[in-house]
Amino acid sequence: MEFTRVKNFIDGEFVEEAGVEYLTIYNPSTGEQIGELPLSSTETAQKAIDSSYEAYLSWKNLPIAKRVSYLFNLRQKMIDKREDLAVAIATDQAKHISEARGEVQRVIEIMETACSIPTLIQGETLEGISDNINGRVIKQPLGVFGGVAPFNFPALVFGWFIPYAIGTGNTFIFKPSEQSPLFMQKMGEIFHAIGLPKGVVNIVNGDRVVADTWYDSPKMAGVCLVGSTATAKKMAEACGRGGKRSMLLGGAKNVLLAMEDCNHELFISNFINSCYGSAGQRCLAGSIVAVVDEIYDELLEKMVEAAKNLIFGDAMDPDVYMGPVISAQAKARIEDYIQIGIDQGSRLALDGRNPPMPEKNENGYFVGPTIFADVTPCRRIAQEEIFGPVVSVMKVSDLDEAIGIINASPFGNGACIFTQNLYYTEKFIQEVNAGMIGVNVGICAPHPYLPFGGIKDSHLGTNKVQGKDGIDFFTQNKIATVRYAPPAGYVEKVTRRTETAGVRSCVAA
Ligand code: NAD
């Protein structure tokens, strides 16, 4: 496989970062070294701020149709290059190639939604607040935004941030995850190919040093993150100190609830996709399965049977369902959690540790589907985010107990119920404290037209990503109060009152 020395993309050009430490990038399917990534310096991060600020001064004044034409071109180039983009994701992040293709497709759909920014960004007018006074709300861009991505959605997070930010007239500095930077290298080529004006998007690779330059810079307007709650909290503090607008999506611990009337076949296929798709490394992955006691034994047996038969292996193998986890450290952390589950007395119904792998993948980072049964809510495996293919199954007596367990979690990203019962459905939607709810779906990810994001520790800041929330985050409302009076010497021939009287008298005649 070709070895990639990752470059920054600053002021419209790829630039090699010199004189800094480089981190190795691995292919998690094989453990092979596939590239290296610079830990960019503060000076480079500062250069990106200057470049994006300079670009902002003219980009914000570009006619909106012209700005959006760049989004149309980005979308078309992504369609042309979709397989290349998917392979990049399936290589350094080792998301299975079929899911990587799905991720790229989702970003294309986000781009399509963002292409309607000329409609979405429209303000409001209130006429006749008082005699000759109108009010108007205008949505304007703020300046330069910085965004930090997690390893698990290198493309989706680009889609959540950049089309909305630049479509509304801001410019953007993107810091990819150190572990999955290849997708953004491809996007840099696309920005170049469509002639996106320099500095409208800068890509700076590295670690927290890049974001540390943003909080106190007067040239920066705001900061976005998708990552763990620990990182979100640190960034929230820094944004608070620096007075920066922030949109920070954090970690998760999502519950799938199976009620006694659920369709078992539908539940099992959704359980597999939710809990083991992307090897459980999704912010909307099911991590806890709560089952009411009438069907607990039967459903548990079906879950173990289905999970046991999952084929996992190389992310590029079309016959495989589930790829590896992201790194040797992630594998060790997940295996530690499995040991904690055993030590705290949960029953290991399916053990995914140390799966036999073909020679090519012997050094890959694989954990097979794992299921703990009879887990109680206070166990660490039921409370903490594991972010791997490990599921805790709990027996609950009824809907109320399940809602109580979900609401006791500090996280509030997603929760799904499987039932045909309208009362259960509506009560679940009303009472569960999670930002995204699923009914008979295992991954409750909203479509790009709608906002996406959790509540509680899963989301710091106010706005969610996508949809109208995305527009609101990347714009500020300006409110104009306009009194209009005739200039000196102007004699009104028709006023609102006389015009109305005229119409009346015409009708009367
Ligand atoms: P992470 O928090 O370790 O890292 C995310 C990004 O933050 C990386 O680019 C990293 O370099 C950067 N970073 C780390 N510390 C930082 C700091 N102090 N200041 C600035 N940047 C910093 O997360 P990860 O392991 O890459 O991703 C997995 C996590 O992301 C999970 O917790 C998952 O739930 C979460 N996630 C959430 C959503 C969501 O929509 N809520 C979506 C995807 C992933």
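Order of appearance sets the numbers: ligands from 1, and atoms from 1 within every ligand.
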Exercise. Should Trp59 and Tyr53 be marked as a ring pair (Phe, Tyr, Trp, His ring centres under 6.0 Å) after you check the CA-CA gap, both sets of side-chain angles, and the distance that decides it?
Worked result: CA-CA 10 Å; Trp59 180 251; Tyr53 187 73; over 10 Å; no
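- Closest heavy-atom approach to atom 14 (C) of ligand 1 within the set Leu225, Leu248, Thr231: this belongs to Thr231.
- Judged purely by distance below 3.5 Å, without hydrogens or angles, the side chains of Thr168 and Asn170 pair a donor atom with an acceptor atom.
- When the options Pro181, Pro150, Cys283, Gly146 are ranked by their closest heavy atom to atom 39 (C) of ligand 1, first place goes to Cys283.
- Residues Tyr276 and Phe312 keep their aromatic ring centres 6.0 Å or farther apart.
- When hydrogens are left out, the protein atom nearest atom 11 (O) of ligand 1 is Glu178 OE1, 2.6 Å; that is the closest non-hydrogen contact.
- Atom 24 (P) of ligand 1 has its closest protein heavy atom at Phe151 CD2, 3.7 Å.
- Within a 6.0 Å sphere centred on NZ of Lys331, other residues, nucleotides and ligands contribute more than 12 heavy atoms.
- Counting heavy atoms under 4.0 Å from ligand 1, residue Phe411 does not touch it at all.
- A salt bridge is absent between Lys253 and Glu384: the closest approach of a Lys/Arg side-chain nitrogen to an acidic carboxylate oxygen does not fall below 4.0 angstrom.
- Residue contacts with ligand 1 include Gly250, since one or more of its heavy atoms lies under 4.0 Å from the ligand.
- Of all protein heavy atoms, the one lying nearest to atom 9 (O) of ligand 1 is Ala149 O, 2.7 Å.
- Residue nearest to atom 34 (O) of ligand 1, selected from Gln329, Arg282, Glu385: Glu385 (by heavy-atom distance).
- Closest to atom 28 (C) of ligand 1 by heavy atom, among Tyr215, Trp214, Phe387, is Phe387.
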